Number of protein chains: 2
Amino acid sequence: MPKPPGEAESKRAKAVAERRALILEAAVSCFLEKGYHQTGVRDIARQAGVSLGNLYNHFPGKHDVLVEIAALERDEMTQFLEIFARPAAAGVVLGDFLRAYGLYLAQPENVLLAIEITSEALRKPDIGERFMANRFEIVGALEAVLRRGIEDGEFRAMPNPHQMSHLIVDMLDGGAYQSILSEADMSKLLEDIEDFVFAAVRRH
Amino acid sequence: MPKPPGEAESKRAKAVAERRALILEAAVSCFLEKGYHQTGVRDIARQAGVSLGNLYNHFPGKHDVLVEIAALERDEMTQFLEIFARPAAAGVVLGDFLRAYGLYLAQPENVLLAIEITSEALRKPDIGERFMANRFEIVGALEAVLRRGIEDGEFRAMPNPHQMSHLIVDMLDGGAYQSILSEADMSKLLEDIEDFVFAAVRRH
DNA sequence: CTCAGTTGAACGAACGATCGTTCATAGTTT
DNA sequence: AAACTATGAACGATCGTTCGTTCAACTGAG
């Protein structure tokens, strides 16, 4: 009985999708624990409870596993774009974003994974491009909020809102990175970040 | 004529020191080009024009090569501590530090090397400890300047000068990192960083 | 100053382990 | 039967490290 194309997924197709997800999940856990280059394809397969050869039925190679993970990680970023669409005062939106993004970065696994991805992106452009593009979207949206705040007189006139929004995101990321290395608590950093940012953008 | 102990180094000792330096230099260049884990010990030896076995006469292993590089890199940081000792107004010292550290970070090789080191430090504590300790020294000195500026009425009363100084350094580092990934120019970011920081700390 | 004796730098073959990937084969669904 | 997923052995390459050996530089006794 050949399947009509538009119908519900076959049992097999669904099982395959689950397998893929399982492998990706296992890969993430390995990359977090040992890092990308220290993780062997066998580690991923073992962790996923899948044979070595079978992994290559689902992914062309190790590199492509990371590419897919990077794509998933990138999609996680879109949740923050929603914040910028809210019809609230610029200061409120800015605060909401700082807290939301800060909370996201307070989970070390998010930061560690981003480090692995960006670290690999330094030398493998195909990983970085889309990952970076999404970051630029956030920076762009943040810049728009800054400009709106300036127009409304809520924020000071700053020389370069685009660079400013870059710096704000950089500070969040840098803080998260350092909070891992020094075993500090990112969530405790959050209110200081808010204070710092608002002091920098608010009208004197 | 037997050499008195305190005299100039023997030919051999000098040659050895040069060899070590040569190997370290080669390792840095390899790590910059390919990254630590993608670099093989043979790559380093070849680049240094030294045999594989001989490299192990100078270093216990690959890991120790990176440890030594990290130590050298760490020592580079002490140049910034000198700035904080200057007897100038807090705002002047802060500006001098921002420019000096920013200029240092404008050289991509400094940033890339720091990334390799800190990235490895995530999983090998012996690399990170001293490297981080030095960073804390800088943050500590910066914090002292902030406190001095607050006392003098030059800076606003901020809730947590320690965290603030952390965030300033994080922003510089993050900006440098992103300027590499997005192929932007760090030195052009510098004046915006100055503007951002001073807007955040100056008395309104 | 000479010269046997000691040291340790230099070398590259070799080791065992592991790397990412391929493949022939077996099993399962459609 | 055709089409697929699953398996783990096998492949060649490369990994970090060790090894035995060679030889130039240094040492101290004569």
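Lettering of chains follows the sequences in order, A, B, ..., and the numbering in each one begins at 1. Computed from a predicted model, the values in this text were never measured in an experiment.
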| query | Any side-chain heavy atom of A/Gln163 sitting closer than 4.5 Å to one from A/Met158? | reply | no
| query | Does the base of C/dA9 carry an N or O that pairs as donor and acceptor with the side chain of B/Asn54 under 3.5 Å? | reply | no
| Nearest-neighbour nucleotide for the A/Asn57 side chain, D/dA9, D/dT17, D/dT7 considered | D/dT7
| request: Figure out the CG/P separation between A/Leu52 and C/dA26, and round it to whole Å. | output: 19 Å
| With sequence neighbours left out, what residues match B/Arg74 under salt bridge (Lys or Arg N to Asp or Glu O under 4.0 Å)? | none
| message | Does a side-chain N or O of B/His58 approach OP1 or OP2 of C/dA10 to a distance below 4.0 Å, or not? | response | yes
| said: Is the phosphate of C/dA10 approached by B/Ser51 (side-chain N or O, under 4.0 Å from OP1 or OP2)? | reply: no
| message | Please list, in numerical order, the residues of residues 20-30 of chain B that have a heavy atom closer than 4.0 Å to any atom of DNA chain D. | response | none
| A/Phe84 versus A/Arg148: any side-chain heavy-atom pair under 4.5 Å? | no
| request: Report yes if a side-chain nitrogen or oxygen of B/Arg19 is closer than 4.0 Å to either non-bridging phosphate oxygen (OP1 or OP2) of C/dA10; otherwise report no. | output: yes
| ring pair (Phe, Tyr, Trp, His ring centres under 6.0 Å): which pairs involve residues 25-70 of chain B, sequence neighbours left out? | B/Phe31-B/Tyr36
| Between P of C/dG12 and CZ of B/Arg46, the distance in whole Å | 12 Å
| request: Calculate the interatomic distance between B/Glu18 atom CD and C/dA10 atom P; express it in whole Å. | output: 11 Å
| Pairing residues for A/Gln107 by the side chain to side chain donor-acceptor pair (under 3.5 Å) criterion, not counting sequence neighbours | A/Asn110
| remark: Applying side chain to side chain contact (heavy atoms under 4.5 Å, CB included) to B/Ser51 and not counting sequence neighbours gives B/Asn54
Exercise answer: donor-acceptor pairs, residues 90-104 of chain A side-chain atoms, under 3.5 Å, sequence neighbours excluded:
residue: A/Asp96; atom: OD1; partner: A/Arg99; partner atom: NH2; Å: 3.0
residue: A/Asp96; atom: OD2; partner: A/Arg86; partner atom: NH1; Å: 3.1
residue: A/Arg99; atom: NH1; partner: A/Glu194; partner atom: OE1; Å: 2.8
residue: A/Arg99; atom: NH1; partner: A/Glu194; partner atom: OE2; Å: 3.2
residue: A/Tyr101; atom: OH; partner: A/Asp173; partner atom: OD1; Å: 2.8
residue: A/Tyr104; atom: OH; partner: A/Glu73; partner atom: OE2; Å: 2.9

Extract from the structure each pairing of a protein N or O with an N or O of nucleotides 11-15 of chain D at less than 3.5 Å, listing the distance.
none

| message | What is the separation between atom CG on B/Asp64 and atom P on D/dG16, rounded to the nearest whole Å? | response | 13 Å
| Whole Å only: how far is the NZ atom of A/Lys14 from the P atom of C/dT30? | 13 Å
| query | Considering residues at least two apart in sequence or located in another chain, which fulfil the salt bridge (Lys or Arg N to Asp or Glu O under 4.0 Å) criterion with A/Arg130? | reply | none
| Whole angstrom value for the distance that separates P of C/dA13 from OH of B/Tyr56 | 16 Å
| request: Name the nucleic acid region contacted by B/Gly53, choosing base, sugar-phosphate or nothing; use a 4.0 angstrom heavy-atom cut-off, strictly under. | output: base
| query | Among all residues two or more places apart in sequence or in another chain, which pass the side chain to side chain contact (heavy atoms under 4.5 Å, CB included) test with B/Ala144? | reply | none
